[in-house]
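In listed order, ligands and their atoms are each counted from 1. Any value given below was found using the heavy atoms of this structure, including those in side chains, with hydrogens, waters and symmetry copies removed.
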Amino acid sequence: MRKAIYPGSFDPVTKGHLDIIKRSSEIVEHLIVAVLDNPRKQAVFSLEERVEMLERSTTSFKNVTVDYFKGLLIDYAKLHKIGIIIKGLRAISDFEFEFQMALVNRKLNPGIETLFLMTNSKYSYLSSSIVKEIASFGGDICDLVPPEVYEIVRDKYCK
Ligand code: PNS
């Protein structure tokens with residue numbers, strides 16, 4: 001079975017992420033969206049919240065599951081017999097870092113390929129940081145995040 005992983009912080013999931021999830025789920029047989037549990041990176045949303053937001057947003061995709069991981073992505077992929085890492089690219093500015101990551105991951109395990117999907121141009125400006133910035137100043141994020149998580153994100157900043 002062609003299994004792929006789409007890793008990220010998803011703090012929070014955006015419509016740009018969801019577009020990559022939808023398109024990659026149409027290419028592979030099983031897509032695992034995996035949230036990095038990184039104690040060194042301060043997230044606004046807890047790991048549980050990020051996983052829940054992804055689960056709520058992906059219920060309509062029957063071949064998509066949500067999980068989380070600690071440590072190296074490549075170790076998780078090997079353990080779960082995943083052969084493909086999916087990454088989204090928005091702009092040239094993403095490329096340099098993602099290129100380095102892809103080469104590091106290939107060095108660590110040459111049997112796992114990284115596939116890049118270009119963002120939908122509608123979402124090329126969109127990032128989790130932009131969503132948090134707008135929400136923190138009370139701006140409308142309705143068009144930026146999946147409807148299933150809109151209230152969770154908005155309420156985080158309305159307390
Ligand atoms: O959404 P993000 O924060 O851009 O996602 C980054 C992520 C989680 C994909 C990346 O940091 C990652 O894979 N981290 C796990 C540790 C790892 O395997 N690093 C690569 C080798 S140094």
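- Using a 4.0 Å cutoff on heavy atoms, Ser128 does not count as a contact of ligand 1.
- At the shortest separation from atom 2 (P) of ligand 1 among protein heavy atoms lies Ser9 OG, 3.5 Å.
- Atoms of ligand 1 lying under 4.0 Å from any heavy atom of Lys41, numbered from 1 in the order shown and given with element: 3 (O).
- Looking only at side-chain heavy atoms (C-beta outward), Tyr68 and Leu54 stay at 4.5 Å or farther from each other.
- Here the heavy atom of the protein found nearest to atom 7 (C) of ligand 1 is Gly8 CA, 4.5 Å.
- From the protein, the heavy atom lying nearest to atom 21 (C) of ligand 1 is Val104 CG1, 3.6 Å.
- For the pair Tyr6/Val64, no side-chain contact is recorded, criterion being any heavy-atom separation below 4.5 Å from C-beta on.
- Salt-bridge annotation for Arg23 and Asp19: present, with a side-chain N of the basic residue lying under 4.0 Å from a carboxylate O of the acidic one.
- Note that atom 4 (O) of ligand 1 has no protein non-hydrogen atoms nearby, at separations under 4.0 angstrom.
- The distance from the CD atom of Glu49 to the CG atom of Asp11 is 9.0 Å, given to the nearest 0.5 Å.
- Nearest residue to atom 8 (C) of ligand 1 from Asp37, Ile5, Leu36 is Leu36 (criterion: closest heavy atom).
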- Derivation of the side-chain contact (heavy atoms from CB on, under 4.5 Å) call for Phe99 and Thr114: CA-CA 10 Å; Phe99 183 58; Thr114 302; over 6 Å; no
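- Backbone and side-chain nitrogen or oxygen atoms of Asn105 are examined, and none is located within less than 3.5 angstrom of a nitrogen or oxygen of ligand 1.
- Below 4.0 Å from some heavy atom of Met101 lie the following atoms of ligand 1, by number and element: 20 (C).
- Side-chain contact between Met53 and Val153 is present, with at least one heavy-atom pair separated by less than 4.5 Å.
- If you look at Leu72 next to ligand 1, the close heavy atoms, those under 4.0 Å, come from the backbone and the side chain alike.
- Here CD1 of Ile85 is found 4.5 Å from CG of Asn105. Values are rounded to the nearest 0.5 Å.
- Against a heavy-atom cut-off of under 4.0 Å, Gly71 is close to the following atoms of ligand 1: 15 (C), 16 (C).
- Screening Lys156, Lys132, His17 for a side chain to side chain contact (heavy atoms under 4.5 Å, CB included) involving Pro12 leaves a single residue, Lys132.
- Contacts of Leu73 with ligand 1, taken as heavy-atom pairs under 4.0 Å, involve both backbone and side chain.
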